[in-house]
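This report refers to the structure that appears directly beneath it.
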Amino acid sequence: MELLSTLNPQQRDAVLTTEGPVLILAGAGSGKTRVITVRIAYLIAEKDVAPHNILAVTFTNKAAGEMRERVEQLLAGQKLQSAPLVTTFHSFCVRVLRRDIEALDEGYKKSFTIYDTDDSIKVIKAALKDIGFDEKQLAPRTILSAISNAKNRGENFDDFASKIEFTDERRQAISRVYKIYEERLRNANALDFDDLLIMTVRLLRNNPEIRDKYNDRFKYILVDEYQDTNPLQFSLIGYLTEKQQNICVVGDDAQSIYRFRQADIRNILDFEQHYPKAKVVLLEQNYRSTQTILDVAHAIIENNVEQKKKKLWTSNPGGEKILYFQALDGDGEARFVASQVDELRRRDPRKRIAILYRTNAQSRLFEEALRRYRIEYNIVGGFSFYERAEIKDVISYLKVALNPFDDIALLRVVNTPPRGIGKTTLDEVSRRARSSGASLWETTAVITDLEHKEGINLTPRAIEALRRFKSTIESLAQKIADAGQSDRPVSESVVAAIEDSGYAAMLRAENSDESAARLENLEELVNAAVDYDKQEADGLRDFIDHAALTSDTDKYDRNAAVTMMTVHSAKGLEFPVVFLVGLEDGIFPHSRSINDPKELEEERRLAYVAITRAETLLYVTHSMRRRVYGEEMAAEPSQFLNEMPLDMIRDLSRGQSWLSFAKGGKARSSQYAVSALRGENRESSKPKNLYTGKTYNSSEAIAEFFKKKSIEQPKPSEPKALTGFDKLRAQASQGPNPTASNKAFVPGAHVRHPKYGKGLVLRREGSGDNVKLTVSFPGFGQKKLIEKYANLEPA
DNA sequence: AAGTAAATTTTTTTT
DNA sequence: AAATTTACTT
């Protein structure tokens with residue numbers, strides 16, 4: 001049996017146990033993907049399982065693509081009637097919903113649209129405006145992540161709302177926005193990323209026949225990176241495997257790095273409780289890295305409390321020491337990395353090298369440095385092709401044509417290119433849409449079809465503009481429908497959206513470098529559609545779904561010489577040489593994780609993932625100064641550096657470094673940082689505030705900030721005549737002050753108004769009798785009040 | 001209504 | 001520093 005010949009006994013065990021639940025605990029580099037792919041091939045080739053009865057689920061398209069490819073390789077030469085379904089959670093759900101969502105009977109139609117994060121944010125902004133809550137008080141992103149977190153925990157709106165205390169204005173606002181958000185999406189026949197999972201789970205839960213259907217279809221189910229599943233994904237798997245229980249999950253609790261997406265590590269830790277008959281296979285032999293690299297990774301992860309003790313081993317040679325470099329600033333770090341890459345490439349041009357960082361924003365310096373060295377690189381993540389404005393615009397045309405209820409897509413294209421439908425017109429259409437509960441499209445139709453135009457606050461010119469827009473969309477929709485009927489290629493419809501909308505004409509007329517680049521991107525989109533036609537030919541709908549669910553992370557080129565990406569994106573990949581850069585407190589571990597022990601542990605797992613990507617050579621670098629928001633800050637070496645066995649690290653820094661101090665044992669890292677900074681200050685006199693990682697940007701944090709301030713600053717000494725500067729200062733520092741007389745309604749204060757009830761003061765302008773307050777009253781919106789007449793009470 | 005200048009914010013990580 | 005949002009001009 002040649003399929004199994006490359007496997008060790010444990011791996012073979014994992015493949016041969018085809019029936020019943022199997023948990024494969026696979027350490028980094030232990031051949032996990034090999035086991036899954038061989039298992040699929042084995043089921044087909046040796047167990048005569050029909051390929052279409054097999055489902056393998058991953059988290060990223062990248063992983064799915066890789067797996068698909070390797071299964072194909074293993075089965076090369078075999079004639080198969082069907083193919084196993086290897087896909088992501090989200091794509092799988094779309095597939096199910098496109099077929100069966102109408103059985104849910106919740107008003108959703110098969111033509112539903114998928115909203116990406118951008119679209120969701122727009123809905124939230126609009127909702128915030130409607131309830132009269134200031135965006136500055138509550139960032140739309142915060143609300144979206146609150147909603148998304150709730151959804152991914154498997155809660156519905158009522159669960160969420162019931163947990164809110166009446167005193168908490170912000171959470172109440174979130175709850176109200178949540179409600180509106182759900183309504184808007186439903187009206188638009190749109191689902192966000194999380195809804196895709198929610199609706200699928202609901203469909204399977206409520207509908208036994210459909211559940212049965214998919215149970216019979218997918219007799220063997222495999223889940224990759226199981227440690228990253230969240231409660232929704234967990235129940236999805238549960239329903240899908242109800243009948244057969246032929247579930248095989250692969251994962252590594254040490255590599256769980258998606259807690260922020262509500263991934264629950266207990267899903268993998270408690271697998272044996274959920275499936276008592278589960279067979280557990282441990283893969284502990286690492287085939288990827290040198291012993292040194294494994295030792296370093298192990299030394300770091302050992303600092304985690306919540307950790308299953310296990311130790312990877314390898315028969316690989318000990319290998320080189322870890323290489324360390326301390327730079328003076330971010331530029332120096334990038335220069336060092338580029339020079340090393342240059343040298344490595346010169347010695348072996350085929351050696352694959354990765355530069356891994358914690359956040360996408362760090363990529364820029366490395367891009368510039370590599371470009372200066374004329375080194376070609378491949379960058380994964382960051383700006384996605386499908387996120388470019390022109391691409392989203394054209395896709396939105398197609399989305400509106402397919403689902404005219406999609407308000408967000410409609411708003412995106414209604415005046416691009418300019419058609420004379422401006423803010424005034426749109427405000428009027430939106431207002432009417434909201435009061436009638438109809439979509440913008442329906443409202444537009446009503447307005448343009450009406451015989452008598454009385455009562456419509458629109459100029460004839462605006463109405464005519466709307467009419468022309470409407471017919472543009474209608475003829476595009478007609479074209480697409482015809483194309484669908486006659487099996488014409490998707491690319492034709494894409495071209496129609498670009499040309500018939502006037503979009504291409506607009507760009508051609510602009511005739512600038514930028515518009516030329518945009519036109520090129522649109523050509524790329526057409527090319528993507530042509531490629532798509534060649535492969536799947538599953539209709540325009542599917543092409544658009546693909547665009548929504550594909551990020552740039554997926555177009556990773558396995559053979560590229562130099563790849564740059566975040567550590568998250570690097571999971572599942574391996575490289576002979578890895579540069580792990582920006583190892584500074586506040587960056588890695590990230591400042592937002594530093595205060596929560598649970599999150600710090602996740603950062604540590606992330607470091608573990610990063611280190612174990614390396615096969616033979618690992619570089620770790622950090623810089624003493626770092627630019628944050630355009631401001632230069634001092635940076636301390638990451639605590640993770642300190643957790644590495646120092647004798648396994650070789651110092652490549654010029655002169656004295658943190659490492660040389662740490663090795664000498666003379667100074668602790670923080671003391672070192674201080675002395676190093678002193679040295680720095682000689683050449684550049686810029687004051688360097690120590691970057692503690694704490695940022696004051698949420699309003700709780702701001703409240704905390706003020707609290708601290710008021711404690712630190714003793715009460716003002718006896719009233720003196722304030723002069724110029726002091727006066728300004730006095731005005732500027734009027735923050736919420738509980739000890740002050742309750743008469744002052746300052747921003748952040750809760751007040752009660754005789755008519756509007758409880759409200760939140762947003763702004764205070766003027767002085768004396770002319771104090772104007774901007775107050776947000778839930779249910780009434782923002783009101784501007786003159787303090788003297790408003791008759792406000794503290795609440 | 002549309003384009004430009006000024007002000008403000010932004011950075012976790014991803015489907 | 002760069003990108004996005006808002007304010008202001010024509």
Side-chain angles (χ1 to χ4, degrees), chain A residues 57-64 87-94 114-118 120-121 125 135-136 139-141 144-145 148 151-152 191-197 225 228-230 232-233 256-263 330-331 356-365 368 380-384 386-387 389 415-427 459 461-462 465 510 545-554 565-571 582 586-594 596 599 602-603 605-607 609-610 626-632 693 695 697:
Chain A
V57 208
T58 64
F59 280 84
T60 63
N61 293 291
K62 179 174 56 185
T87 186
T88 63
F89 273 103
H90 288 85
S91 300
F92 174 77
C93 291
V94 171
I114 302 169
Y115 273 8
D116 64 19
T117 309
D118 236 42
S120 297
I121 290 282
K125 279 188 177 171
E135 260 183 40
K136 263 134 213 159
R141 250 163 221 296
L144 181 62
S145 66
S148 177
K151 285 181 171 182
N152 280 304
L191 299 172
D192 67 18
F193 287 142
D194 306 323
D195 291 336
L196 295 173
L197 285 151
E225 308 282 10
D228 286 330
T229 49
N230 65 32
L232 275 180
Q233 289 151 341
S256 163
I257 54 174
Y258 284 100
R259 212 175 81 95
F260 70 94
R261 237 163 50 187
Q262 310 303 305
D331 250 331
L356 306 183
Y357 34 77
R358 175 68 240 267
T359 66
N360 279 306
Q362 288 167 261
S363 70
R364 233 198 63 238
L365 290 173
E368 283 166 8
V380 173
F383 275 118
S384 161
Y386 290 105
E387 277 168 38
N415 206 30
T416 333
R419 314 190 154 83
I421 304 175
K423 197 174 176 309
T424 323
T425 312
L426 281 177
D427 280 349
T459 61
R461 211 167 84 180
E510 202 184 305
D545 288 347
H546 183 75
L549 297 175
T550 305
S551 66
D552 249 15
T553 316
D554 306 319
M565 63 186 132
T566 63
V567 179
H568 280 91
S569 302
K571 190 160 76 151
I587 292 186
F588 200 175
H590 195 271
S591 55
R592 297 190 116 103
S593 307
I594 249 160
D596 179 344
E599 286 189 33
E602 176 140 316
E603 294 284 316
R605 291 193 292 270
L606 202 49
V609 168
R626 175 77 54 191
R627 210 158 234 199
V628 185
Y629 294 145
E631 220 194 332
E632 195 110 300
T695 46
N697 54 4

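Per chain, numbering begins at 1; letters A, B, ... match sequence-line order. Model, not experiment: these values are computed from the prediction.
Here the side chain of A:Glu603 pairs a donor or acceptor atom with the backbone of A:His590 at under 3.5 angstrom. A donor-acceptor distance shorter than 3.5 angstrom exists from the side chain of A:Asn415 to the backbone of A:Ile421, with no hydrogens or angles considered.
Using a 5.5 Å limit on the distance between ring centres and a 30° limit on the angle between planes, the aromatic ring of A:His568 does not count as stacked on the six-membered base ring of B:dT13. Per the stacking criterion (ring centres < 5.5 Å, plane angle < 30°), A:Tyr629 does not stack onto the base of B:dT11. With centres under 5.5 Å and a plane angle under 30°, the ring of A:Phe260 is stacked against the base of B:dT13.
Residues satisfying the ring-ring contact (aromatic ring centres under 6.0 Å, His included) test with A:His568, not counting sequence neighbours, are A:Tyr258, A:Phe260. A:Arg141 meets the salt bridge (Lys or Arg N to Asp or Glu O under 4.0 Å) test with no other residue; sequence neighbours excluded. For A:Tyr115, the ring-ring contact (aromatic ring centres under 6.0 Å, His included) criterion is met by no residue, not counting sequence neighbours. A:Ser120 pairs by the side chain to side chain donor-acceptor pair (under 3.5 Å) definition with A:Tyr181, not counting sequence neighbours. Under the rule for a salt bridge (Lys or Arg N to Asp or Glu O under 4.0 Å), the partners of A:Asp195 that lie at least two apart in sequence or sit in another chain are A:Lys151. Every salt bridge (Lys or Arg N to Asp or Glu O under 4.0 Å) that A:Glu602 has, sequence neighbours left out, goes to A:Arg605. For A:Tyr357, the ring-ring contact (aromatic ring centres under 6.0 Å, His included) criterion is met by no residue, not counting sequence neighbours. Scored by the salt bridge (Lys or Arg N to Asp or Glu O under 4.0 Å) test, A:Asp331 finds no partners at all (sequence neighbours excluded). Under the side chain to side chain donor-acceptor pair (under 3.5 Å) criterion, A:Thr416 pairs with no residue, sequence neighbours left out.
The residue among A:Thr117 and A:Ala139 whose nearest nucleotide of DNA chain B is located toward the 5' end is A:Ala139.
The phosphate of B:dT14 (OP1 or OP2) has a side-chain N or O of A:Ser569 nearer than 4.0 angstrom. At the phosphate of B:dT13, OP1 or OP2 sits under 4.0 Å from a side-chain N or O atom of A:Asn360. Phosphate contact (OP1/OP2 of B:dT12, side-chain N/O of A:Arg592, threshold under 4.0 Å): present. Proximity of A:Thr566 to the phosphate of B:dT14: a side-chain N or O atom is located under 4.0 Å from OP1 or OP2.
Between A:Asn230 atom CG and B:dT13 atom C1' the separation is 15 Å, expressed in whole Å. Atom CZ of A:Arg259 and atom P of B:dT12 are 16 Å apart (whole Å). The separation between A:Phe193 atom CZ and B:dT15 atom P is 8 Å, rounded to whole Å. Protein atom CG of A:Asn61 is 8 Å distant from nucleotide atom C1' of B:dT15, rounded to whole Å. In this structure, the CG atom of A:Asp195 is 18 Å from the P atom of B:dT15, given to the nearest Å. Atom CZ of A:Arg605 is separated from atom P of B:dT12 by 19 Å (rounded to the nearest Å). Residue A:Asn152 contributes atom CG, which lies 14 Å from atom C1' of B:dT13 at whole-angstrom precision. Distance A:Phe588 CZ to B:dT12 C1': 11 Å, rounded to the nearest Å.
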note = Encoded 5' to 3' (Watson-Crick or G-U under 3.5 Å; [ ] crossing; | other strand), DNA chain C becomes ||||||||||
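First and last contacts of DNA chain C with chain A, using any nucleotide atom under 4.0 Å from a protein heavy atom and ordered 5' to 3', fall at C:dA1 to C:dT5.
Within 4.0 Å (heavy atoms only), A:Glu599 reaches at least one base atom of the nucleic acid. Residue contacts for A:Lys571: at a heavy-atom cut-off of 4.0 Å it reaches no nucleic acid atom on any strand shown. Residue contacts for A:Phe89: at a heavy-atom cut-off of 4.0 Å it reaches no nucleic acid atom on any strand shown.
Distance check, rounded to the nearest 0.5 Å: CG of A:Asp194 to CG of A:Leu144 gives 8.0 Å.
A distance of about 15 Å separates the P atoms of C:dT4 and B:dT13, rounded to the whole Å. Atom name P, nucleotides C:dT6 and B:dT11: the rounded distance is 15 Å, in whole Å.
Exactly one residue among A:Leu191, A:Leu549, A:Thr88 makes a side-chain contact (heavy atoms from CB on, under 4.5 Å) with A:Val94. That residue is A:Leu549.
Closest to the A:Arg358 side chain, of the nucleotides B:dT13, B:dT15, B:dT11, is B:dT13.
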inquiry  = For a quick check, with a 4.0 angstrom heavy-atom cut-off, what is the B/S/- contact string for nucleotides 1-9 of chain B, read 5' to 3'?
reply    = SS------S
